[in-house]
Amino acid sequence: MPIHHELAIAIENAVRAAQESGDLPDFDLPEVRIERPRDPEHGDYASPIAMQLARLARMAPLKIAQAIVSHLPALGELDEVYVAPPGFINIRLSTAWLQNQVAAILATADYGSFDLGKGKKAQVECVSANPTGPITLGRTRGGVMGDTLARALRAVGYDVTMEYYYNDAGRQVTMLGESVKIRYRQLLGQDVELDDDHYQGAYITDLAQDLLDAHGGTLLSQPTEFFSEFARDRISQQQKQSLRRVNIEFDVYFREQSLYENGRVWEALETLQQKGYVYEKDDAQWFRTTEFGDDKDRVLVKTTGEPTYRMPDIAYHWDKAQRGFQLVVDLFGPDHHATAPQVLMGVQALGYDTDFVHTVLHQIVSLIRDGEQVKMSTRRGNYVTLDELVDEVGADPIRYFMISRSGNSPVDFDMNLAVEHSDKNPVYYIQNAHVRCAGIFRKWQEAGFSEDAAKNADLSLLTHEKELAFLRKALELSAVLETMATTFEPHHIAFYAYDLAAAFHPTYEVCRVLSDDVLEPLRLARLQFYGAAKNLFARVLDLMGMSAPEVM
RNA sequence: GCCCCAGUAGCUCAAAGGAUAGAGCGGCGGACUUCUAAUCCGUAGGUUGGGGGUUCGAGUCCCUCCUGGGGUGCCA
């Protein structure tokens with residue numbers, strides 16, 4: 001159990017004990033919050049619970065805090081618990097227990113993990129791009145955010161499915177097929193042109209060229225569907241490969257078409273109709289979203305008889321509920337912010353509580369090169385793709401910068417900074433911490449020693465203030481994972497990784513290991529310390545889907 | 001018009017309703033014969049867009065106004 005949970009429970013128990021002994025009156029105890037104070041003077045952890053209780057107990061916060069502290073049992077983890085005005089309970093960890101975190105980190109591969117999710121079935125849906133073109137940077141951001149959340153959820157005990165909803169039917173794919181066919185005919189010398197609605201990107205011509213190379217001119221009589229299916233399957237494969245290059249892999253690719261094949265779309269529509277949420281107007285079927293607070297009703301089935309995108313989206317989320325996911329996280333880019341609530345209204349109308357669905361919105365990604373914003377236009381096929389960006393800057397900077405801001409803030413991806421090997425680039429700042437640890441062990445082994453030599457080191461020699469500060473920061477990983485799993489904000493791990501590196505580098509400067517002036521027992525203890533640090537950086541980088549290099 | 005997001009140091013951004021609002025970059029001043037300086041140490045920099053309110057306590061919650069971005073399809 002993470003230390004902040006243990007402390008919260010200890011304080012809860014102390015409050016109850018104080019109530020039983022009559023030191024505090026009876027009241028319902030609100031959630032006990034444990035914080036990490038900014039100021040080290042205020043201890044390692046603190047709780048403002050006494051101030052919250054002042055009204056309930058009708059006592060001065062200081063008195064309440066004192067009553068709680070007097071009923072707090074002696075805990076091995078703690079060195080000191082004291083009360084500070086106006087009523088904070090401040091807690092200082094014992095140095096021996098902190099030092100022992102080194103052993104704890106070395107003993108497990110999943111330091112920081114704990115069982116918050118209790119094996120609950122969770123799903124993260126992200127990217128979900130149409131198979132009509134290369135993965136764009138906006139979709140990449142959603143993918144990286146979603147994948148990072150999935151990693152955090154797994155780390156705290158959820159059974160996570162990464163899912164990609166893939167739109168393999170409808171107008172978009174038809175336009176795709178037409179686009180390829182036109183390019184194909186052009187390659188054969190025919191005088192045809194793309195419309196504005198068609199996909200203009202060069203990759204369309206590439207697909208047409210591939211068809212020409214494989215089949216010559218024999219495909220002219222094939223219907224548009226042939227070209228659609230070919231292009232759809234090809235592009236899907238390419239999308240998967242592109243995403244794999246930034247360590248994003250999906251467990252399930254959910255085909256929109258399957259919702260038509262098994263009748264779920266019409267079933268959902270009929271259910272909505274039966275429940276009275278649908279009416280006909282202007283030869284279309286309308287969904288009464290205004291009953292759920294929308295400012296106008298929305299079309300479910302067009303006058304042509306075809307459903308709008310909304311209908312399968314609702315059926316899809318209905319399916320998620322019926323598959324038994326207890327937690328669903330949907331990532332949406334700026335172009336879907338408005339439609340996300342409508343889907344939930346649909347699920348609600350179908351009779352499901354939507355509390356299990358959390359929509360995570362994110363803002364746009366802009367590319368900055370040489371200080372100038374790179375101009376892009378999706379419609380004209382003029383944009384930088386994920387593949388191009390991986391080729392140019394590598395996967396690690398992409399992973400990092402996509403989660404280096406809260407989803408609510410736009411990302412300006414600075415391509416020059418991404419590849420800059422300097423202290424301005426947080427990617428290298430973090431990875432270099434791992435490299436520096438690796439360097440110590442490399443040197444140590446070159447001198448003929450084994451890594452095991454430090455196994456029985458005396459960790460109580462790790463008394464340097466900077467070493468202890470690093471271990472305090474290490475302890476925060478659990479709370480970071482918990483925050484991510486409850487707020488669905490992936491950026492916390494990026495800031496944590498930076499903070500951890502910022503706690504590491506000063507330690508590395510001062511707490512030497514292999515220098516002649518370091519005595520043998522301390523050297524062994526520090527080898528353990530840096531072994532733990534190395535593990536922890538590898539762990540945190542892995543949680544971000546980034547590599548942990550041995551050398552740079 | 002309506003909806004969503006943002007407005008915090010010169011710039012880019014953090015900050016579960018908690019104590020004196022923090023980082024990075026940039027500025028200024030220092031430290032390399034190194035377990036890799038891809039690093040460290042020091043320093044300056046703020047009326048958290050304006051105004052009300054709730055609270056023991058507000059950058060955070062509520063109301064209102066201002067500015068910027070996105071959305072507001074029988075496209076997805």
Side-chain angles (χ1 to χ4, degrees), chain A residues 31 33-35 37-39 41-42 46-48 51-52 54-55 60-61 84-88 90 128-130 132 167 170-173 175 197 256 282-286 293-296 298-304 306-310 312-313 333-341 361-364 404-412 414 417 420-429 431-433 435-444 446-447 479 482-483 486-487 491-492 494-495 498-499 501-502 504-515 518 523 526-527 530 551-552:
Chain A
E31 185 193 0
R33 285 209 316 274
I34 301 290
E35 310 162 342
R38 284 188 244 271
D39 188 343
E41 288 290 302
H42 300 140
S47 180
M51 273 99 77
Q52 289 170 260
R55 168 174 295 203
F88 286 99
N90 293 340
S128 296
N130 286 346
T132 53
N167 199 315
R171 185 183 136 80
Q172 309 281 336
V173 173
M175 298 309 288
D197 288 352
E256 180 193 18
D282 306 332
D283 292 327
Q285 305 276 325
W286 292 73
D294 206 352
D295 57 342
K296 58 184 170 197
R298 309 284 170 171
V299 172
L300 286 178
V301 182
K302 307 182 223 176
T303 51
T304 61
E306 298 169 288
T308 62
Y309 63 91
R310 234 170 250 122
D313 277 2
D335 48 341
H336 288 69
H337 286 187
T339 66
L361 309 181
H362 66 82
Q363 304 292 332
I364 57 170
S404 67
R405 301 259 179 280
S406 139
N408 289 333
S409 290
V411 164
D412 286 338
D414 186 330
L417 177 62
E420 192 170 312
H421 291 195
S422 80
D423 54 0
K424 288 180 200 164
N425 187 347
V427 174
Y428 289 94
Y429 185 78
Q431 288 180 324
N432 189 38
V435 168
R436 283 179 140 184
C437 293
I440 294 172
F441 287 97
R442 197 164 49 244
K443 195 102 176 176
W444 171 250
E446 278 166 15
E482 183 176 14
T483 300
T486 50
T487 64
H491 67 279
H492 292 103
F495 285 90
Y498 190 91
D499 289 347
F504 172 85
H505 288 299
T507 315
Y508 178 89
E509 294 283 322
V510 178
C511 298
R512 303 261 111 186
V513 181
L514 305 179
S515 322
V518 178
R523 172 173 302 156
R526 284 187 174 165
L527 276 170
Y530 285 107
V551 287
M552 290 200 300

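All chains are named by letter (A, B, ...) in the order of the sequence lines, taking the proteins before the strands, and each is independently numbered beginning at 1. None of the values given here were measured: they were computed from a predicted structure. Computed over heavy atoms, backbone and side chain alike; hydrogens, waters and symmetry mates excluded.
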Taking the side chain as C-beta and beyond, is there a heavy-atom pair between A:M51 and A:P86 under 4.5 Å?
yes

A:R55 has a side chain; which of B:C56, B:C35, B:C75 sits nearest to it?
B:C56

Would you please confirm or rule out a distance under 4.0 Å between OP1 or OP2 of B:A14 and any side-chain N or O of A:R405?
no

Can you tell if the side chain of A:P307 reaches within under 4.5 Å of the side chain of A:K302, non-hydrogen atoms only?
no

G-U wobble or Watson-Crick pairing nucleotide for B:U33 (cut-off 3.5 Å, both distances):
none

At 4.0 Å (heavy atoms only), tell me whether A:V551 reaches a base, stays on the sugar-phosphate, or touches nothing.
base

Hey, does the side chain of A:K443 come within less than 4.0 Å of B:U36's phosphate (OP1/OP2), counting only N and O?
no

Describe the nucleic acid contact of A:P61 in one word from base, sugar-phosphate, nothing, applying a heavy-atom distance below 4.0 Å.
nothing

When you compare B:U20 with B:C4, how far apart are their P atoms, in angstrom units rounded to a whole number?
34 Å

Does a side-chain N or O of A:T339 approach OP1 or OP2 of B:G73 to a distance below 4.0 Å, or not?
no

Using 0.5 Å steps for rounding, measure from the CG atom of A:D313 to the OG1 atom of A:T308.
8.5 Å

Once you round it to whole Å, what is the distance between P of B:U36 and NE2 of A:H421?
18 Å

Taking NE2 from A:H505 and P from B:C35, how many angstroms apart are they, rounded to a whole number?
17 Å

Look at all strands and tell whether A:Y429 reaches a base, only sugar-phosphate, or nothing, counting heavy atoms closer than 4.0 Å.
sugar-phosphate

Watson-Crick/G-U partner (both atom distances under 3.5 Å) of B:A21:
none

In B/S/- notation (B base, S sugar-phosphate only, - none; protein heavy atoms under 4.0 Å), nucleotides 15-20 of chain B written 5' to 3' is SBSBBB

Describe the nucleic acid contact of A:R171 in one word from base, sugar-phosphate, nothing, applying a heavy-atom distance below 4.0 Å.
sugar-phosphate

Across every strand shown, the nucleotide meeting Watson-Crick or G-U wobble geometry with B:C2 (both distances under 3.5 Å) is B:G71

Can you classify the ring geometry of A:Y428 versus A:H421 as parallel (below 30°), tilted (30 to 60°) or perpendicular (above 60°)?
tilted

Taking any heavy-atom pair under 4.0 Å as a contact, classify A:E509: base, sugar-phosphate, or nothing.
base

Heavy-atom check, side chain of A:S47 versus side chain of A:E35, under 4.5 Å
no

Side-chain heavy-atom pair A:S404, A:P426 within 4.5 angstrom cut-off:
no

Which one, B:G71, B:U12, B:A38, comes nearest to the side chain of A:Y428?
B:A38

Identify whether the distance between the nearest side-chain nitrogen and carboxylate oxygen of A:R171 and A:D197 falls below 4.0 Å.
yes

Could you check which nucleotide pairs with B:A9 in any of the strands shown, counting Watson-Crick or G-U wobble with both distances under 3.5 Å?
none

Pairwise C1' distance, B:C13 and B:A21 [rounded to whole Å]:
14 Å

Can you tell me how far P of B:C74 sits from NZ of A:K296, to the nearest Å?
7 Å

Counting any heavy atom closer than 4.0 Å, what does A:A284 reach on the DNA or RNA strands: base, sugar-phosphate only, or nothing?
base

Nearest to the side chain of A:P506, which nucleotide is it out of B:C40, B:A14, B:U72?
B:C40

Have a look at A:D335 and say if it touches a base, only the backbone sugar-phosphate, or nothing, with a 4.0 Å heavy-atom cut-off.
base

Could you tell me the separation between the CG atom of A:N432 and the P atom of B:A38, rounded to a whole number of Å?
8 Å

Separation of B:A23 C1' from A:F504 CZ (nearest whole Å)
20 Å

Given the P atoms of B:C65 and B:G1, what is the spacing between them in whole Å?
11 Å

Write down the partner of B:G27 under the Watson-Crick or G-U wobble criteria, each distance required to be under 3.5 Å.
B:U43

Sugar-phosphate only, base, or nothing, as touched by A:D282 at under 4.0 Å among non-hydrogen atoms:
base

Which whole-number value in Å describes the distance from A:H336 NE2 to B:G70 C1'?
14 Å

Nearest-Å distance once atom P is located in both B:C74 and B:A14
34 Å

Taking only the P atom of each, what is the distance from B:A23 to B:G57 in whole angstrom?
28 Å

Inter-nucleotide P distance (B:A6, B:C62), Å rounded:
12 Å

5' priority, RNA chain B, between A:Y498 and A:G439 [closest heavy atom]:
A:Y498

Pick the P atom in B:G71 and in B:A38, then give their distance to the nearest Å.
43 Å

Hey, does the side chain of A:K424 come within less than 4.0 Å of B:G26's phosphate (OP1/OP2), counting only N and O?
yes

Quick check: do A:L417 and A:K424 have side-chain heavy atoms less than 4.5 Å from each other?
yes

Scan A:T303 against the nucleic acid and name what it touches under 4.0 Å (heavy atoms): base, sugar-phosphate only, or nothing.
base

Rounded distance (Å) that lies between atom C1' of B:C3 and atom CD of A:Q363
13 Å

In whole angstrom, what separates A:N408's CG from B:U60's P?
16 Å

Distance, C1' atom - from B:G29 to B:U33, rounded to whole angstrom
24 Å

Determine whether the aromatic ring centres of residues A:Y498 and A:Y429 are separated by less than 6.0 angstrom.
yes

Nearest heavy-atom pair of A:R405 and A:H491: which atoms, and what distance?
O-CB, 3.4 Å

